Number of protein chains: 2
Amino acid sequence: MEQRIEKIKKQLHSQSYKLTPQREATVRVLLEHEEDHLSAEDVYLLVKEKAPEIGLATVYRTLELLSELKIVDKINFGDGVSRYDLRKEGAEHFHHHLVCVECGAVEEIEEDLLIDVEKQVESDWGFQVKDHRLTFHGICKKCQVVTVKS
Amino acid sequence: MEQRIEKIKKQLHSQSYKLTPQREATVRVLLEHEEDHLSAEDVYLLVKEKAPEIGLATVYRTLELLSELKIVDKINFGDGVSRYDLRKEGAEHFHHHLVCVECGAVEEIEEDLLIDVEKQVESDWGFQVKDHRLTFHGICKKCQVVTVKS
DNA sequence: TCTATTAATTAGAATGATTATCACCTAAAA
DNA sequence: TTTTAGGTGATAATCATTCTAATTAATAGA
Ligand SMILES: [Zn+2]
Ligand SMILES: [Zn+2]
Ligand SMILES: [Zn+2]
Ligand SMILES: [Zn+2]
């Protein structure tokens with residue numbers, strides 16, 4: 001935890017941004033909820049528990065900043081809210097998601113499944129890939145069992 | 001054009017929905033702008049040229065309906081607007097997108113690049129894939145040339 | 001230390017996209 | 001004809017996000 005905060009602090013400093021208490025509180029919330037996919041509002045409410053004086057706008061600005069620095073990724077699952085997802089330790093590609101259309105569960109895939117596909121896109125379309133967003137919609141393991149049973 | 005409208009009409013009827021004049025006008029706009037990625041507002045303005053009495057709410061309702069029937073796909077490129085994308089003739093998978101981070105151009109890929117990846121997800125994660133969203137962010141051919149030149 | 005400058009923050013207003021509501025209007029069924 | 005179930009258009013309401021003005025904190029130079 002502390003070392004990851006330290007690392008983020010350095011990333012901010014390298015672009016001459018500061019890790020203010022509000023920003024640190026926000027980052028801590030993100031670290032403590034790495035598996036969840038929190039909306040700005042979610043983050044705001046959680047940060048508020050520790051730092052009640054923080055404003056919603058600050059959370060938005062912090063998330064935007066972290067997003068620019070590629071520390072978090074902004075994703076969108078189709079409900080009208082942006083969600084913010086911390087990049088995994090050491091990962092330089094954005095992980096993929098499996099969204100269950102039955103129960104809404106979101107599973108993460110950290111393996112990069114797109115290496116070959118990206119090569120193909122670069123060679124066949126001449127498009128220089130920098131990042132990707134891949135989400136599968138379908139039925140999770142759990143819901144498949146339920147369906148079979150009923 | 002006419003045959004595709006006819007087909008969509010049948011799809012609506014099969015769920016006991018009607019192809020009202022407003023819905024038909026909306027579908028025509030989508031067909032005439034297949035390559036673009038129109039927002040609801042865009043569609044509204046275009047439809048209004050032919051059917052000036054149409055209301056914005058009706059456009060939203062129509063797009064939502066077409067979305068449920070998998071005739072269009074609702075996508076989100078990160079600006080705060082949903083965009084609506086007609087499925088290609090006969091395609092039963094949603095096509096992919098290449099978004100240029102330099103110029104904002106959006107290119108489409110109709111080939112399904114994910115067949116192998118989906119197989120892997122089904123076998124390794126036990127997740128039954130129904131649909132996917134894949135977007136690459138990067139630098140388009142055109143912008144690469146500019147970068148080299150300057 | 002004092003002061004000027006700049007960066008960050010807050011609360012709240014404003015904006016903009018989307019959704020809900022409601023009165024009215026079909027078209028077909030009974 | 002009366003009924004019924006969708007549709008529609010205008011407008012209000014909602015909700016996420018961004019902007020603004022005023023305030024505070026941090027920084028650097030005198
Ligand atoms: Zn499920
Ligand atoms: Zn995730
Ligand atoms: Zn470009
Ligand atoms: Zn498209």
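Chain letters run A, B, ... following the sequence lines, proteins first and then strands; every chain starts at 1. The figures that follow rest on heavy atoms only: side chains count, while hydrogens, waters and symmetry mates do not. What you are looking at is a predicted structure, and each value in this text was computed from that prediction instead of being measured.
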If I take atom [atom1] in residue [X] and atom [atom2] in nucleotide [N], what distance separates them, rounded to the nearest angstrom?
X: Leu63(B); N: dT19(C); atom1: CG; atom2: C1'; answer: 14 Å
X: Glu41(B); N: dT19(C); atom1: CD; atom2: C1'; answer: 15 Å
X: Asn76(A); N: dA16(D); atom1: CG; atom2: C1'; answer: 12 Å
X: Glu24(A); N: dA25(D); atom1: CD; atom2: C1'; answer: 16 Å
X: Asp42(A); N: dC15(D); atom1: CG; atom2: P; answer: 15 Å
X: His13(B); N: dA28(C); atom1: NE2; atom2: C1'; answer: 13 Å

Is the backbone N or O of Ile139(B) less than 3.5 Å from a side-chain atom of Gln144(B), with the two atoms forming a donor-acceptor pair by type? yes
Check whether any side-chain N or O of His93(A) sits under 3.5 Å from a backbone N or O of Glu110(A) as a donor-acceptor pair, and report yes or no. yes
Can you find a side chain N or O atom of Tyr60(A) that sits less than 4.0 Å from OP1 or OP2 on dT17(D)? yes
Applying a 4.0 Å non-hydrogen cut-off, can you work out what Ser82(B) is touching in the nucleic acid: base, sugar-phosphate, or nothing? sugar-phosphate
[X] bridged to [Y] by N-O distance under 4.0 Å:
X: Asp73(B); Y: Arg133(B); result: yes
X: Arg4(A); Y: Glu34(A); result: yes
X: Lys74(B); Y: Asp79(A); result: no

Tabulate atom names and distances for all N/O pairs under 3.5 angstrom spanning the protein and nucleotides 4-15 of chain C.
from    : atom 1 : to       : atom 2 : distance (Å)
dT9(C)  : OP1    : Thr20(A) : OG1    : 2.3
dT9(C)  : OP1    : Gln22(A) : OE1    : 3.3
dT9(C)  : O3'    : Gln22(A) : NE2    : 2.8
dT10(C) : OP1    : Gln22(A) : NE2    : 3.4
dT10(C) : OP1    : Glu53(A) : O      : 3.0
dT10(C) : OP2    : Gly55(A) : N      : 3.2
dT10(C) : OP2    : Thr58(A) : OG1    : 2.4

Closest heavy-atom pair and its distance - Leu31(A), Ile5(A): CD1-CG1, 3.8 Å
